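Structure first, commentary second.
Count residues from 1 along the sequence. Treat the numbers as computed from the prediction; the structure is a model and nothing was measured.
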Amino acid sequence: MVISRRTVLKQLTAALVVSGVIGVAHAAEPFKVGFVYVGPVGDAGWTYAHDQGRQAVEKMFPGKVKTTFVESVPEGADAERVIRKLAQDGNKVIFTTSFGYMNPTLKVAKQFPNTVFLHATGFKSDKNVGTYDVRTYEGAYLAGYVAGLTSKTSKLGVVASVPIPEVVRNIDAFTLGARANNPKATVKVIWINSWYDPAKERQAAETLIAQGVDTLMQNTDSAAVVQTAQEKKVKAFGWDSDMTKFGADAHLAASQINWGVYYTKAVKAAMDGNWKNEPIWWGLKEGMIDLGALNKSLPEDVKKKLAARRADIISGKAPIFAGPIKDNTGAVKVAAGKTLSDGDMHGITWYVEGVEGTVPK
């Protein structure tokens with residue numbers, strides 16, 4: 001029997017593989033990325049928007065990245081346990097997506113120096129702990145700008161979550177936007193002391209409407225405010241995502257966050273070994289937030305004015321916190337010709353003129 005050279009080579013190669021001289025190539029393990037969510041993913045709001053960003057990562061790196069998320073994680077000891085478990089499971093980047101996760105993130109990060117931890121909306125960092133945020137106040141301002149042009153009563157309301165500077169800043173920006181074209185506009189605020197509590201959100205919205213408010217904004221995570229507005233035949237803005245389907249008539253527009261803009265870049269940098277620990281605070285200019293899902297009923301002149309103001313914010317022509325700005329006691333907080341710095345904006349604990357009441361201590 002004649003044995004060809006090709007057959008000999010095949011048999012030799014097979015023998016070498018069996019003996020371990022030649023290794024069988026294995027596909028590289030996917031890069032693992034973890035996410036911790038404060039609420040349920042659902043189909044609207046803060047956590048939903050984060051999960052859309054997570055999905056953007058998987059779409060950007062098909063087969064190369066494996067993401068894991070844990071939803072409805074309370075801020076505190078539970079968060080520490082979940083974050084640690086994600087690190088133990090080999091996730092190389094872990095995104096912790098709520099303000100109250102800051103200290104648990106820092107604590108766990110010390111135990112896993114080779115893992116990158118990225119905390120949303122926080123202000124503390126470490127060698128392997130970075131912070132990232134979105135300029136939600138820009139979306140809030142644009143919502144207020146529309147409210148000022150469309151409200152029939154000039155009485156606006158905000159269902160607020162937790163009294164931290166981030167939320168106070170959004171209330172102030174909403175008010176500044178409304179009063180930019182309607183100086184008579186006033187804003188009532190009800191705090192529910194929770195990021196996600198549909199029952200309390202609904203109750204707060206109903207109370208504001210009973211007080212004469214005809215347009216609502218929220219800094220909470222569920223669609224309850226928009227749903228209530230629809231039922232009571234007033235107007236509202238979606239928050240963090242498009243909430244049109246929960247109240248098509250009530251929903252004027254939505255302040256929409258696109259976390260994928262940041263998540264895809266952060267993951268790529270970590271995969272490439274190029275991650276740098278520098279605080280991120282992106283907004284309209286970077287495409288991370290916008291006022292979208294505009295109601296078809298909005299007049300064309302309102303849409304044109306909105307587009308013009310949006311362009312001026314992006315170009316720097318119209319800074320949102322540019323003086324003169326007074327607080328609601330009449331004290332000058334930002335002098336004419338001055339603009340609040342990012343540091344000052346991160347520390348806002350006062351209401352601008354037009355907001356009723358006081359910030360809870």
Exercise for review: Kindly give the cluster partners of Tyr48, where membership spreads through any ILVMFWY side chain lying under 4.5 Å from a current member.
Suggested key: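 Via sub-4.5 Å side-chain contacts, Tyr48 links to none.
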Review point. When Ile, Leu, Val, Met, Phe, Trp and Tyr are grouped by side-chain heavy atoms lying under 4.5 Å apart, directly or through other members, which residues fall in the same group as Val159?
Key: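 Answer for Val159: Ile190, Ile192, Leu208, Ile209, Val213, Leu216, Val225, Val234.
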[X]: what forms a side chain to side chain contact (heavy atoms under 4.5 Å, CB included) with it, not counting sequence neighbours?
X	answer
Lys59	none
Lys265	Trp282
Ser341	Asp344
Ala311	none

Review point. Which pairs count as salt bridge (charged side-chain N to carboxylate O under 4.0 Å, His left out) when at least one residue sits in residues 214-235, sequence neighbours excluded?
Key: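 Checked against salt bridge (charged side-chain N to carboxylate O under 4.0 Å, His left out) - neighbours excluded - the pairs reaching residues 214-235 are Arg202-Glu231.
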Residues two or more places apart in sequence or in another chain: which of them pass ring-ring contact (aromatic ring centres under 6.0 Å, His included) with [X]?
X	value
Phe99	none
Tyr145	none
Trp275	none

**Study point:** Flag for Thr47-Glu71: side-chain donor and acceptor within less than 3.5 Å
**Key:**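 Glu71 vs Thr47: no donor-acceptor pair found between side chains.
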Review point. Strictly by modelled atom types, are Asn114 and Lys92 linked by a side-chain donor-acceptor pair under 3.5 Å?
Key: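 Side-chain D/A pair, Asn114 to Lys92: absent.
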**Study point:** Within residues 195-251 or reaching into it, pairs that qualify as ring-ring contact (aromatic ring centres under 6.0 Å, His included) - sequence neighbours excluded
**Key:**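 Found none.
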Check your understanding: For Lys110, which residues count as a salt bridge (charged side-chain N to carboxylate O under 4.0 Å, His left out) partner, sequence neighbours excluded?
Key ->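 So Lys110 forms a salt bridge (charged side-chain N to carboxylate O under 4.0 Å, His left out) with Asp126.
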